[in-house]
Number of protein chains: 2
Amino acid sequence: MNGKNPKIQDVAAVAGVSTATVSRALSNPDMVSQKTRDLVLDAVQKTGYRVNRAAKSLRKRQSDAILALLPDLGNPFFSQILSGIESVFTTSDLSLLVSDTKGIRQDSILDYFMDMRADGMIILDGAVPRALLSQLQDSPFGQRIVFACEWKPEFKFPSVRSDNFGGAIQAVEHLYALGHRKIGHISGPRNNVLTKERLRGVEAAMTNLNLLFNRDFFIDGGAFSLDAGAQAARSFMEMDDRPTAITCGSDLIAMGFISEITRRGLKVPEDISVVGFDDIEIAGSFIPSLTTIRQNRTQLGVLAASYLLDQIAGRVHPPAKQVQEIDVKLIPRQSTAQLAHA
Amino acid sequence: MNGKNPKIQDVAAVAGVSTATVSRALSNPDMVSQKTRDLVLDAVQKTGYRVNRAAKSLRKRQSDAILALLPDLGNPFFSQILSGIESVFTTSDLSLLVSDTKGIRQDSILDYFMDMRADGMIILDGAVPRALLSQLQDSPFGQRIVFACEWKPEFKFPSVRSDNFGGAIQAVEHLYALGHRKIGHISGPRNNVLTKERLRGVEAAMTNLNLLFNRDFFIDGGAFSLDAGAQAARSFMEMDDRPTAITCGSDLIAMGFISEITRRGLKVPEDISVVGFDDIEIAGSFIPSLTTIRQNRTQLGVLAASYLLDQIAGRVHPPAKQVQEIDVKLIPRQSTAQLAHA
DNA sequence: CAGTTTTATGTAATCGATTGCACAAACGTT
DNA sequence: AACGTTTGTGCAATCGATTACATAAAACTG
């Protein structure tokens, strides 16, 4: 109050107890008697005391902060996940740090642990270099990492993700049910796990349905972006024999694709049905509104954050829950339609 | 290396100097001789030393972290700004904390300063309660706050923002140049500064151009969302006399609006021209692609972050630069067209 | 060359909380 | 009543860096 920030000493003085007691009253309430607890809480009120996080961190050797590592902060796809993460940490009095893997030296990620800036990490970037992950895995911090959304198959970090494989299957089955037999796919970034899983799902579904498996119907988008979709549209236009329906690695790809082929005179869904993946906010308002696979991104963030919290607190999960897959669901809209009779 | 994290003592031992010297060699390199500096840097290499942030913070009474306060982390609009902010802080070795104003008790914002979690704050939410801001302004932390994007006119915190007023004028002038005379507007959330500025711009432009100023052409959207736009579309459809062109408080409004009126049989731009605001990524791929006012969100983040850094370092800006307005620019696309002759 | 200033380094106090240990009071048990 | 537990509190060391102050060595000055 009077000039400086009050410290624990001041509270102790006001309450007429020792600093040890104040500390205990605040962080282990039932180590002190009811009477002193009230006394201390009262003194805290009076002084406006707030515990100094730096001092606390120093002594307890923990920072009460978690780092979320994103491949690209500017990518709106992640904001919703981040929101889920944040909601969990805020209620646990933890701070959420964010960083972008672009723009930082990769080895500086370990530094967050080394210099006590973060107690744990949620990695949303499947492209973190192997070398770093090995290093992390072998370090004492290995238990304080959770992957969310993307992951690295060759590492055993816990991971929370959507059922990408199943989602792709749903997309294909939906098109099949609408009568489509010539089904294509535009994939995301090469070497990305999501790309691979979704591709695997598409292939599995097609095999299951005894569909013609035409390599030419698969376009390598190279990214999850609008541009990738537009680019793919150009390849698409040049095909001699075109699929009547196409599944995409992401909503952005789907929209970029639709936008470009529309510009070139094709109509969705009349000429071709298109399914996206993600169900980003705009999907329902796109014209035509986009049939897509909905991922619950908030839940993904919440689960990852809760898991990490457990992990740090030493509450172990059964190995079976090491990988949590969240159900996805097809949302039928106007970008897909019954195949017109030839 | 050997088990525990090395501390400054270890480095001192290896280098054969005192801890004071190590500290100086690292944070004030030119306080020590070239020779010792090399010695220390070498020892740091050998030991793998990283300064413990908690200890440093405690002693220096600063956290080396900045808080970004968003109205809604889940809203993709902000991710790009955040990205700009992050890029600045990362290169300055500062950590970026993020928090959502929803879900936290408003008075706990002051706590970030009180308990030394953050050295400064970038507020992206114009709806932070007055009471809290007064409190902040009067506190010693008042100089460590910058508003970005949104702001509170009645407070004198520095602010970085887009030229919302000018943007709205450009939108109207663009429509005017295309022959439109009956121009409407769908506004964003009530009581929001951006809403007010953009509305003011629209009115100013119309007055300037001697346009018919019809209250009925102004629809209160109530939010910057897709839904608000769809809602507005329903009001629009019920009008007896409709404007031939409409400017929107945001791209999302514009898209929601277009989506809904398209569903109801109108055509954009044939029946009505629509201008958005923001130029979010999808705007160019929307169908029709959206004519809109581009805000440079990354730059906004970068400027706000740099300003705050200066502010904290005690580098004062001339009062004239207290408010920085970033130019915006109209991007003509396909959602606006020459007015068809009646 | 004696005296003064500058430069480089070390010693030890300090930041503010937490916690191991010691101890006194209160409670139980026979 | 005597002794063993349990409970509640205080003392003081501790976490790891920074920095005021002291001091020795080097550089300058006339």
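Letters go in sequence order (proteins before strands), and every chain restarts at 1. As a basis for the values below, the full set of heavy atoms in this structure was taken, side chains included, without hydrogen atoms, waters or symmetry mates.
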Quick one: does S57(B)'s side chain have a donor or acceptor within less than 3.5 Å of a partner on Q62(B)'s backbone?
yes
Provide, to the nearest angstrom, the distance between the CE atom belonging to M114(B) and the P atom belonging to dA17(C).
11 Å
For the atom pair CG (L73(B)) and CG (L96(A)), what is the distance rounded to the nearest 0.5 Å?
7.5 Å
May I have the distance from R59(B) (atom CZ) to dA13(C) (atom P), rounded to whole angstrom?
12 Å
Given that K60(A) and D30(B) both sit by DNA chain C, which one's nearest nucleotide is further toward the 5' end?
D30(B)
Check ion pair K102(B)-D100(B) (N to O, under 4.0 angstrom)
no
Base, sugar-phosphate, or nothing: which does R24(A) touch, judged by heavy atoms less than 4.0 Å apart?
base
Tell me the interatomic distance from L39(B), atom CG, to dT9(C), atom P, rounded to whole angstroms.
9 Å
Indicate, with a heavy-atom threshold strictly under 4.0 Å, whether R37(B) touches base, sugar-phosphate, or nothing.
nothing
Students often get this wrong, so: under 4.0 angstrom with heavy atoms, is S23(B) touching a base, only sugar-phosphate, or nothing?
base
Nearest to the side chain of A20(B) - dT18(D), dC11(D), dG10(C)?
dG10(C)
For R61(A) and dA17(D), what is the distance between atoms CZ and C1' respectively, to the nearest whole Å?
13 Å
Classify the nucleic acid contact of S33(A) as base, sugar-phosphate or nothing, counting any heavy atom under 4.0 Å across all strands shown.
sugar-phosphate
Within the 4.0 Å heavy-atom criterion, would you say S57(B) contacts the bases, only the backbone, or no part of the nucleic acid?
nothing
How would you label the contact of V17(B) with the nucleic acid (heavy atoms, under 4.0 Å): base, sugar-phosphate, or nothing?
sugar-phosphate
For the side chain of S95(A) and the backbone of A65(A), is there at least one donor-acceptor N/O pair under 3.5 Å apart?
no
Atom-pair distance (CD1 on I8(A); P on dT19(C)), nearest Å
11 Å
From CG of N28(B) over to C1' of dT18(D), roughly how many Å is that when rounded to an integer?
10 Å
By nearest-nucleotide position on DNA chain D, the 5'-leaning member of K35(A) and Y49(B) is K35(A)
From CG of L26(B) over to P of dT18(D), roughly how many Å is that when rounded to an integer?
8 Å
Plane angle bin for F157(A) and F147(A) - parallel if under 30°, tilted between 30 and 60°, otherwise perpendicular
tilted
Tell me: CE of M31(B) to C1' of dT9(C), nearest whole Å?
9 Å
